[in-house]
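A quick write-up on the structure given underneath.
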Amino acid sequence: MVERVLRAVEQVPPGRVVSYGDVAALVGTGPRQVGTVMRLYGSGVAWWRVVSSHGDLGADLLDRARPHWAEEGILVRRNGLGCRIADHRADLAALHTAYTAAVADLG
DNA sequence: AAGCTGACTCGCT
DNA sequence: GAGCGAGCCAGCT
């Protein structure tokens, strides 16, 4: 499960984001499980590309994500509480293809 | 093994 | 847009 989630997140290209629900649907689990994996093992991947379905994050994470977003050209919402997920959401079909290949490589 | 927790989401008000 | 309740299920105690 952990491996699956991490692989999925690794397929999100720079400058793009996905929601926890997107990753959950991709790997076949629930949104909260994605959150759990990210909390415990997310430090090794581009965790700032995974946001809530509204594009926001908790206050702590937000501060740490902002520099990355700025670097990748991900725009922040007017209220400053998250990114514009509607403008930056990764292509889910392409993501599925890349993910499938990545987990096949898993063994 | 049983219970609790939580980087979430959806529907309703 | 904000607040509330229910559903979700892997991981930790």
Side-chain angles (χ1 to χ4, degrees):
Chain A
M1 193 77 253
V2 172
E3 285 290 330
R4 301 269 150 64
V5 171
L6 295 180
R7 293 292 179 128
V9 175
E10 286 173 358
Q11 310 313 314
V12 182
R16 307 269 89 187
V17 300
V18 290
S19 73
Y20 292 93
D22 292 336
V23 176
L26 198 59
V27 310
T29 186
R32 309 196 59 152
Q33 285 51 254
V34 175
T36 299
V37 171
M38 293 305 279
R39 175 168 61 86
L40 297 173
Y41 310 100
S43 52
V45 298
W47 57 265
W48 58 91
R49 296 181 196 144
V50 185
V51 299
S52 81
S53 63
H54 296 297
D56 45 38
L57 290 174
D60 296 344
L61 294 169
L62 189 57
D63 287 341
R64 287 181 252 177
R66 266 200 272 259
H68 291 291
W69 289 349
E71 186 177 25
E72 299 187 1
I74 296 172
L75 301 176
V76 173
R77 296 206 303 175
R78 295 300 193 54
N79 60 19
L81 299 179
C83 70
R84 299 192 190 176
I85 186 171
D87 294 338
H88 299 288
R89 200 170 205 152
D91 182 83
L92 300 181
L95 206 58
H96 176 75
T97 303
Y99 166 75
T100 302
V103 293
D105 179 55
L106 207 54

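- In this structure, the side chain of A:R66 engages the main chain of A:G80 through a donor-acceptor pair within 3.5 Å.
- With A:R49 contributing its side chain and A:V12 its backbone, the two residues share a donor-acceptor pair below 3.5 Å.
- Hydrophobic clustering (ILVMFWY, side-chain heavy atoms < 4.5 Å, transitive): A:V17 and A:L92 are in one cluster.
- Rounded to whole Å, atom C1' of B:dC8 lies 8 Å from atom OH of A:Y20.
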Name the pairs: protein N/O against N/O of nucleotides 8-12 of chain C, kept only if under 3.5 Å.
unit_1, atom_1, unit_2, atom_2, d
C:dC9, O4', A:Q33, NE2, 3.1
C:dC9, O2, A:Q33, OE1, 2.3

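- Residue contacts shown for A:G21 are limited to sugar-phosphate atoms, with no base heavy atom under 4.0 Å away.
- In summary, of the residues considered (A:L26, A:L95, A:V37, A:V50), a side chain to side chain contact (heavy atoms under 4.5 Å, CB included) with A:V9 occurs for A:V50 alone.
- No option in A:R77, A:R78, A:R84 other than A:R77 meets the salt bridge (Lys or Arg N to Asp or Glu O under 4.0 Å) test with A:D56.
- Atom NE2 of A:H54 is separated from atom C1' of C:dG1 by 10 Å (rounded to the nearest Å).
- Using bins of under 30°, 30° to 60° and over 60° for the plane-to-plane angle, the ring pair A:W47/A:H68 lands in the perpendicular bin.
- In this structure, the CG atom of A:L57 is 18 Å from the P atom of B:dG6, given to the nearest Å.
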